[in-house]
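Below, read A as the first sequence line, B as the second, and so on, with proteins coming before strands; counting in each chain starts at 1. Only a predicted model underlies this, so the values are computations on that prediction, with no experimental measurement involved.
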Amino acid sequence: MQLKYNSVEELVAAASSSNKKISEIVLEQQAEDMETSKETVYSTMENSFEVMRQSVLNGMDETLRSSSGLSGGAAAKLKKAVDEGKNHYGHLLGNAISMALAVTEYNSCMGQIVAAPTAGSCGVIPSALISVLEEFDLPKHDIIMSLFTASAIGMVIAKCASIAGAEGGCQAEVGSASAMAAAALTEIFGGTPQMVSDSCAIALKNTMGLVCDPVAGLVEVPCIKRNAMGVANAFTASELACAGITSAIPADEVILAMKQVGDLMSTALKETSEGGLAATPTGCRLRKQIFGTDSASS
Amino acid sequence: MNVFDIIGPVMIGPSSSHTAGAARIGKTAALLLGAPVAKADILFHGSFAKTYKGHGTDKAIVGGILKLDPWDPGIRTSLETAKEQGISVTIRTGTIENAHPNTALVTLTSDQGSTISVQGASVGGGNIVINKVNDMEVYFTGQNTTLIVMHQDIPGIIAHVTNLVAVGNANICNFRLNRQEKRGLAIMTIEMDSDFDQSLVSQIQTIPHVYNTILLKL
Ligand code: SF4
């Protein structure tokens with residue numbers, strides 16, 4: 001069967017009718033599309049996963065600082081609190097959030113990361129998957145397979161809406177990453193394809209309308225902390241869906257709404273740094289500090 | 001689009017459009033030059049012009065010109081590396097008419113004095129579109145395996161080249177020909193569904209009136 005990635009519905013139907021997981025049909029089809037073997041496609045994904053793992057480790061370095069001076073060291077701080085048992089919302093959540101910070105801070109410092117789906121949102125999926133892998137000692141194979149489900153959701157969003165902040169605001173980046181992570185988690189924890197779809201819908205509903213407003217145009221403020229929110233949102237959405245709670249609005253309609261919201265959004269709120277947090281007095285002051293008076297503000 | 005366009009690319013941060021895409025534009029220019037680079041002149045337009053310093057777009061594009069891939073940590077020190085290799089790099093900002101906000105115009109001069117200018121846009125997620133080569137309108141993305149043949153516009157060359165593509169058993173999914181003028185410089189871009197044999201590229205290179213052939217897979 002030929003997947004077109006035009007809807008989440010299509011993925012759910014294809015998986016349900018063949019009694020397979022979404023990840024299995026996606027892997028099969030991608031191998032066919034790329035005219036290569038399933039093993040090759042799987043091992044390329046495995047390689048990306050290992051890069052993710054390494055970026056989590058590297059990003060925990062407390063001495064990391066970005067060249068703008070805006071970021072670095074936050075992941076290490078939180079990790080310390082988690083390791084000492086001093087955080088308040090449990091080991092898994094604390095760990096996941098610190099990993100999301102680690103990957104995105106490492107990204108800001110020109111570290112090697114996997115765009116997932118973009119560099120700005122690169123912390124959500126690794127932190128979601130690696131934190132549960134460690135917490136529950138899951139088979140690595142399940143985690144890597146779940147990345148195919150996440151990618152399939154990402155492809156649908158890219159086709160029907162957008163995964164670029166400049167086109168759709170941050171709902172398209174951190175929102176999409178969060179929905180992709182939620183879908184992956186739901187599959188990992190044994191959710192049905194329909195539950196995968198519901199978790200995607202719930203995650204996207206929660207980030208609907210989120211604007212892209214990076215201070216000084218740099219992928220640092222607010223991006224890094226939004227990734228931390230993205231993983232917490234993915235946990236929430238997946239937790240709901242796995243308990244059998246459905247989304248009142250189906251995933252495909254949510255995605256189309258997200259597209260519409262992105263289109264309605266002023267360009268000032270789509271990566272131009274002319275609105276939102278970038279345009280606050282402090283945002284403007286930081287921009288001046290980093291780029292001098294005229295270069296970045298023209 | 002495939003799964004690795006979504007979970008991927010593996011890249012050096014911080015921005016898929018401002019670093020990964022920029023590195024790809026730089027690398028494409030270096031490949032099209034087809035000779036060691038002696039001089040690089042880079043013009044940034046739009047958002048590239050405004051934020052290249054904070055994003056390291058300059059390091060990324062120079063890394064690309066050094067033929068580094070977007071995931072190569074060597075990008076971080078590319079400006080120093082270029083200096084060590086005696087490549088003179090000039091970075092300017094300005095406006096390019098009707099260009100995408102993330103556009104760079106890269107003009108390279110080889111150690112033999114040949115030059116090429118390549119205008120590319122970074123269109124999101126690290127993907128690029130090359131819009132102009134030596135002021136000639138072109139369009140390719142490097143997402144598929146792409147064969148780029150720069151040649152003189154004379155009869156028979158297309159048949160010659162596509163024959164060799166058929167020998168390589170590659171299915172063409174997109175074919176484009178752009179030329180400056182009749183009998184002038186022409187650029188063939190042939191996108192294919194699968195990989196292509198490097199030895200056939202060398203064969204294409206030997207066809208009379210072919211100046212340069214490159215196989216691009218970004
Ligand atoms: S604020 Fe903009 S640049 Fe930052 S993560 Fe969100 S979409 Fe990306």
Side-chain angles (χ1 to χ4, degrees), chain A residues 5 26-27 30 33-36 41 44-45 47-49 51 66-68 70 104 106-120 122 125 147-148 150-155 157-159 162-167 180 216-220 223 271-273 290-291 295-298, chain B residues 1-21 23 44 46-60 63 69-78 93-95 100-102 122-127 144-145 169-171 192-195:
Chain A
Y5 303 99
V26 172
L27 172 58
Q30 289 287 305
D33 259 20
M34 292 179 218
E35 299 185 9
T36 176
V41 177
T44 307
M45 194 61 97
N47 179 47
S48 298
F49 179 70
V51 175
S66 66
S67 65
S68 70
L70 283 178
T104 33
Y106 192 50
N107 175 59
S108 303
C109 301
M110 295 195 88
Q112 191 188 53
I113 53 91
V114 184
T118 61
C122 66
I125 292 172
L147 285 167
F148 288 97
S151 319
I153 296 290
M155 281 198 267
I157 299 175
K159 278 200 173 173
S162 169
I163 54 164
E167 276 169 26
M180 290 160 65
L218 302 176
V219 193
E220 298 185 59
C223 319
E271 219 182 86
T272 54
S273 298
I290 299 162
F291 291 119
S295 56
S297 54
S298 57
Chain B
M1 182 171 32
N2 68 45
V3 287
F4 302 116
D5 297 318
I6 299 292
I7 304 275
V10 173
M11 55 167 278
I12 300 301
S15 156
S16 39
S17 52
H18 287 68
T19 44
F44 285 134
S47 168
F48 269 10
K50 288 183 195 171
T51 65
Y52 78 88
K53 274 187 190 144
H55 277 125
T57 311
D58 48 350
K59 295 178 188 171
D69 285 308
W71 55 86
D72 195 317
I75 283 181
R76 271 180 290 218
T77 51
S78 68
T93 59
T95 304
H100 181 280
N102 294 332
S122 180
V123 295
N127 299 314
N144 298 309
T145 303
N169 213 1
N171 189 39
M192 296 170 283
D193 286 326
S194 49
D195 283 346

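- Between chain A and the options B/I7, B/N102, B/T93, the largest number of non-hydrogen pairs under 4.5 Å is found for B/I7.
- If you run side-chain contact (heavy atoms from CB on, under 4.5 Å) between B/P14 and each of A/I113, A/T104, A/N107, only A/N107 comes through.
- Only the side chain of A/I163 comes within less than 4.5 Å of a heavy atom in chain B; its backbone stays farther off.
- Counting heavy atoms from C-beta outward, A/Q30 and A/M155 have side chains that approach closer than 4.5 Å.
- Only the side chain of A/M34 has a heavy atom closer than 4.5 Å to any heavy atom of chain B.
- Shown here are the side chain to side chain donor-acceptor pair (under 3.5 Å) partners of B/D193, two or more places apart in sequence or in another chain: B/N171.
- For the residue pair B/H55/B/S17, the side-chain donor-acceptor check at 3.5 Å is not satisfied.
- Ranked by heavy-atom pairs under 4.5 Å with chain A, the list B/D5, B/V10, B/V123 is led by B/V10.
- Listed options A/I290, A/V41, A/L70 were ranked by heavy-atom pairs under 4.5 angstrom with chain B; first place goes to A/V41.
- For chain A, the nearby part of B/T19 is the side chain; its heavy atoms alone come within less than 4.5 Å.
- Neither the backbone nor the side chain of A/S68 comes within less than 4.5 Å of any heavy atom in chain B.
- Using a 4.5 Å cut-off between heavy atoms, A/V51 touches chain B through its side chain atoms alone.
- Looking at A/F49, there are no atoms closer than 4.5 Å to chain B (heavy atoms on both sides), in backbone or side chain.
- When heavy atoms are compared at a cutoff of 4.5 Å, A/C109 approaches chain B solely by way of its backbone atoms N, CA, C and O.
- Between A/A150 and A/M180, the closest heavy-atom pair is O-CG, 3.3 Å.
- The nearest pair of heavy atoms linking B/F44 to B/A49 is O-CB, 3.4 Å.
- The side-chain heavy atoms of B/H18 and A/V219, taken from C-beta on, include no pair separated by under 4.5 Å.
- Listed here is the closest heavy atom pair of B/R76 and A/M110: NH1-O, 3.1 Å.
- For B/Y52, no part lies under 4.5 angstrom from a heavy atom of chain A.
- Here the closest heavy-atom approach between residue A/A216 and residue A/F291 is recorded as O-CE1, 3.2 Å.
- For the options B/G56, B/P9, B/S194, heavy-atom pairs under 4.5 Å to chain A are most numerous at B/P9.
- Between A/S151 and B/V3, the shortest heavy-atom contact is CB-CG1, 3.4 Å.
- Looking only at side-chain heavy atoms (C-beta outward), B/F4 and A/M45 come within less than 4.5 Å of each other.
- Annotation: maximal heavy-atom pairing with chain B below 4.5 Å, among A/P117, A/A119, A/G165, occurs at A/A119.
- Summarising the geometry of A/S108 relative to A/S66, their closest heavy-atom pair is O-CB, 3.7 Å, with the distance given to 0.1 Å.
- In this structure, the portion of A/I125 lying under 4.5 Å from any heavy atom of chain B is its side chain and not its backbone.
- Interface summary for chain B: among A/L27, A/T118, A/L218, the most heavy-atom pairs under 4.5 angstrom belong to A/L218.
- A/E35 touches chain B through its side chain: at least one heavy atom from C-beta onward sits under 4.5 Å away, while N, CA, C and O do not.
- Proximity to chain B is limited to the side chain of A/V26, based on heavy atoms less than 4.5 angstrom apart.
- Considering only heavy-atom pairs separated by less than 4.5 Å from chain B, the leading option among A/T44, A/D33, A/N47 is A/T44.
- The residue among B/S47, B/G54, B/P70 with the most heavy atom pairs within less than 4.5 Å of chain A is B/G54.
- At a 4.5 Å heavy-atom cutoff, A/T272 makes no contact with chain B through either its backbone or its side chain.
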